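By convention here, the first residue in the shown sequence is residue 1. Worth knowing before you read on, the calculation uses all heavy atoms, side chains too, and leaves out hydrogens, waters and symmetry mates. Keep in mind that what you see is a predicted model, and the values were worked out from it rather than measured.
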Amino acid sequence: MKKKILFPLFGLTAALLLTACGSSDTGSGSSGSTSSDSTVTETEAATEAQTEDSISSVVPSDYLVENAADYITTDGLEGLEVTQYTYEITDEMLQEQIDQILSQMSDETDVDRAAEMGDLVYVELSCTVGEDDDSYSENTYFTLGEADYGDEFDAALVGAAAGETVTFDITYDEDAADETLIEEDWAGQTVHFEVEISSVCEITMPEYNDDWAAENTEYATTEEYETALRESLEEEYEEQSYADVLDDLLTLALANCEISEIPDDLYEASREEILNDYASFADSTDEAEILDLFDMTEDDLETEAQTLAQRRLLISYICVENEIELSGTDYVAYLEEYAAYYGYDTAEDFEEDWGRSYLVWSMYESEAAEILYNSASITTEAYEDILLTDEEADELEAETAAADEESSDDSEAETVSAAEEAIPENET
């Protein structure tokens, strides 16, 4: 059986998906749903509020909507058609991983000279976008050559020394936000930069050889290390592929359902959980401040809450219909597995950071998704096939067609030649 998946909270921004969420499992908030008699148990709010309780006392079934079938109608969730991608770990991918590891182990030394490509520069950065009178400033750093803000940005800093200020404008194209780390609203805009160089540092990378491998890894040679690293990447990509297809199946299953209404308490708990996760990044519990910081409206928050509640209603429906019963022991095992995976000292520490409600639901979501997976119609496809641009795909298709036609012509010619050879000379 495949490893259970720890699902990210549905609908949150990418930044939230990269960091452990600090949910404070409470549950009250204005509902945008219709009222109903839900069987999300009465003890759920109390259970969520008492995250300091022993994890062994958790009753996972308390979180499910036992009468979810009253709110969902579907023609069936078996045989859902999805694509699962396969990944080949190339030498280039392996080298990128090694370079990243070496970079994390590199040393930086302040130098009294102008910045060069490859240097790490610490700066005070001020940016003004387009005709906007407002600008924002931050203290940050860039490794010149990595083109976080584009090649033109890095080139503008080359030659500047500590204490100097460089000003310049860059007009970004519409695709720049996909190709760099610039803000999305900079795409298609002219951005005025004022960059004060605080310090210039030279980066010294460790030498990658057998001595490095023996000193820093469990392996005696780089060859042994790379073999193990490749296997680890293959496993990681396989797990990611499985997690992606499970998420696709849940999304597809939800699209194949008709939901009449959402229980009020399920909606309110979902809304509060999402709000608390945003709050953990906003360093504020004030709803207005949180919405303003993430450039959200009340409607945006309600949409996320509705989507999460619908998803959890579907999870409840699948688990109840398939008589999935999870115990406190299952929950403890789930926590211990992922606490170890994410480097926590204890399961309790892991639960405190991520939130009890979120973790229980994630455990059930993994169960529901696996049920869908076992009955799904799955097509496998190499991931590299979808990385081609439309132009590249057309060229590849044309080349393949030409090659097939040439092969067919050659085959016909060989057939005619063979036929002629088979005819007696007096009949030719």
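- R312 has its side chain within reach of S357: a pair of non-hydrogen atoms, C-beta onward, lies under 4.5 Å apart.
- Remark: the E108 side chain and the Y122 side chain contain an N/O donor-acceptor pair separated by less than 3.5 Å.
- When side chains are defined from C-beta on, S126 does not count as touching Y136, because their heavy atoms never get closer than 4.5 Å.
- If you look at W186 and F193, their ring centroids are closer than 6.0 Å.
- Under the 30°/60° scheme for interplanar angles, the aromatic rings of F350 and Y342 are found to lie parallel.
- Rounded to the nearest 0.5 angstrom, S137 OG and E194 CD are separated by 8.0 Å.
- The two residues A309 and I262 have their closest heavy-atom pair at CB-CG2, 3.7 Å.
- Judged by distance alone, the side chain of T217 and the main-chain N or O of A214 form no donor-acceptor pair under 3.5 Å.
- Under the 3.5 Å distance criterion, with hydrogens and angles disregarded, no donor-acceptor pair is assigned to the side chains of S280 and D277.
- Within a 6.0 Å radius of OH in Y87, other residues, nucleotides and ligands contribute more than 12 heavy atoms.
- A heavy-atom distance below 4.5 Å is found between the side chains of R230 and D91.
- Considering only heavy atoms from C-beta on, E321 comes within 4.5 Å of Y317 through its side chain.
- Looking only at side-chain heavy atoms (C-beta outward), L301 and E287 come within less than 4.5 Å of each other.
- The number of heavy atoms from other shown groups lying within 6.0 Å of CG (N322) is above 12.
- Within a 6.0 Å radius of CG in D295, no more than 12 heavy atoms belonging to other residues, nucleotides or ligands are found.
- A salt bridge does not link E273 to R356: none of the charged side-chain nitrogens sits closer than 4.0 Å to a carboxylate oxygen.
- A 4.5 Å side-chain heavy-atom check between I89 and L229 finds every atom pair outside the cut-off.
- Here the closest non-hydrogen pair linking V129 and D185 is CG1-O, 4.1 Å.
- Inspection of the Q240 and D244 side chains reveals an N or O donor paired with an N or O acceptor under 3.5 Å.
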If you apply the rule side-chain contact (heavy atoms from CB on, under 4.5 Å), what do you find for L250 with E365, and how did you get there?
CA-CA 9 Å; L250 284 165; E365 186 159 344; 3.4 Å; yes
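- N374 CG: more than 12 foreign heavy atoms inside a 6.0 Å radius.
- Remark: T379 OG1 to E81 CD distance equals 7.0 Å, nearest 0.5 Å.
- Ring centers of F153 and F168: under 6.0 Å apart, within the cut-off.
- For the pair T90 (side chain) and M93 (backbone), a donor-acceptor distance under 3.5 Å is present.
- Proximity of Y383 to T86: side-chain heavy atoms (C-beta onward) are nowhere separated by under 4.5 Å.
- In this structure a side-chain-to-backbone donor-acceptor pair under 3.5 Å is present from E224 to A220.
- Of all heavy-atom pairs between G145 and D154, the closest is N-OD2, 2.8 Å.
- Nearest heavy atom pair, residue A282 against residue F294, reads CB-CE1, 4.2 Å.
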Checking side-chain hydrogen bond (donor to acceptor under 3.5 Å, both in side chains) for the pair Y334/S362: CA distance, chi angles, key distance, verdict?
CA-CA 10 Å; Y334 188 75; S362 182; 3.1 Å; yes
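- Interatomic distance, OG1 of T251 versus CG of N256, reported as 11.0 Å (0.5 Å rounding).
- For the pair N139 and V123, the minimum side-chain heavy-atom distance is 4.5 Å or more.
- Salt bridge status for E298 with R271: present, with a side-chain N to carboxylate O gap under 4.0 Å.
- Remark: aromatic rings of W212 and Y225 are close, center separation under 6.0 Å.
- Annotation: D178, atom CG; neighbour count of heavy atoms from other residues, nucleotides and ligands within 6.0 Å is above 12.
- Around CD of E223, the count of heavy atoms belonging to other residues, nucleotides or ligands within 6.0 Å does not exceed 12.
- Heavy-atom contacts from other residues, nucleotides or ligands closer than 6.0 Å to CD of E78 number 12 or fewer.
- Note that CD of Q189 is 9.0 Å distant from CD of E131, once rounded to the nearest 0.5 Å.
- Ring orientation note: the planes of Y242 and Y373 are nearly perpendicular, at an angle over 60° on the 30°/60° scale.
- Counting non-hydrogen atoms of other residues, nucleotides and ligands closer than 6.0 Å to CD of E138 gives a total above 12.
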Between Q95 and D99, does a side-chain hydrogen bond (donor to acceptor under 3.5 Å, both in side chains) hold up when you go through it step by step?
CA-CA 6 Å; Q95 188 60 52; D99 290 344; 2.9 Å; yes
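- Without hydrogens or angle criteria, D286 side chain to A288 main chain gives a donor-acceptor distance under 3.5 Å.
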Working for side-chain contact (heavy atoms from CB on, under 4.5 Å), residues T83 and Y85
CA-CA 6 Å; T83 300; Y85 294 105; 3.8 Å; yes
Could you walk me through whether S284 and E289 satisfy the side-chain hydrogen bond (donor to acceptor under 3.5 Å, both in side chains) test, starting with their C-alpha distance in whole Å, then the side-chain angles of each, then the deciding distance to 0.1 Å, before giving a yes or no?
CA-CA 7 Å; S284 171; E289 291 181 6; 2.7 Å; yes
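- The backbone N or O of E272 lies less than 3.5 Å from a partner atom in the side chain of N276, making a donor-acceptor pair.
- With rounding to the nearest 0.5 angstrom, the CZ atom of F142 is 9.0 Å from the CG atom of L181.
- Under the 3.5 Å distance criterion, the side-chain polar atoms of T307 are matched with a main-chain donor or acceptor of T303.
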Dump the intermediate steps for side-chain contact (heavy atoms from CB on, under 4.5 Å) on S241 and E236, then the final yes or no.
CA-CA 9 Å; S241 172; E236 180 180 332; over 6 Å; no
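- Between the side chains of E351 and Y331, at least one donor N or O sits under 3.5 Å from an acceptor N or O.
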After noting the C-alpha distance and the side-chain angles of Y278 and I274, does the key distance pass the side-chain contact (heavy atoms from CB on, under 4.5 Å) rule?
CA-CA 6 Å; Y278 279 120; I274 287 175; 3.6 Å; yes
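- In the model, D330 has a side-chain atom that pairs as donor or acceptor with a side-chain atom of S327 under 3.5 Å.
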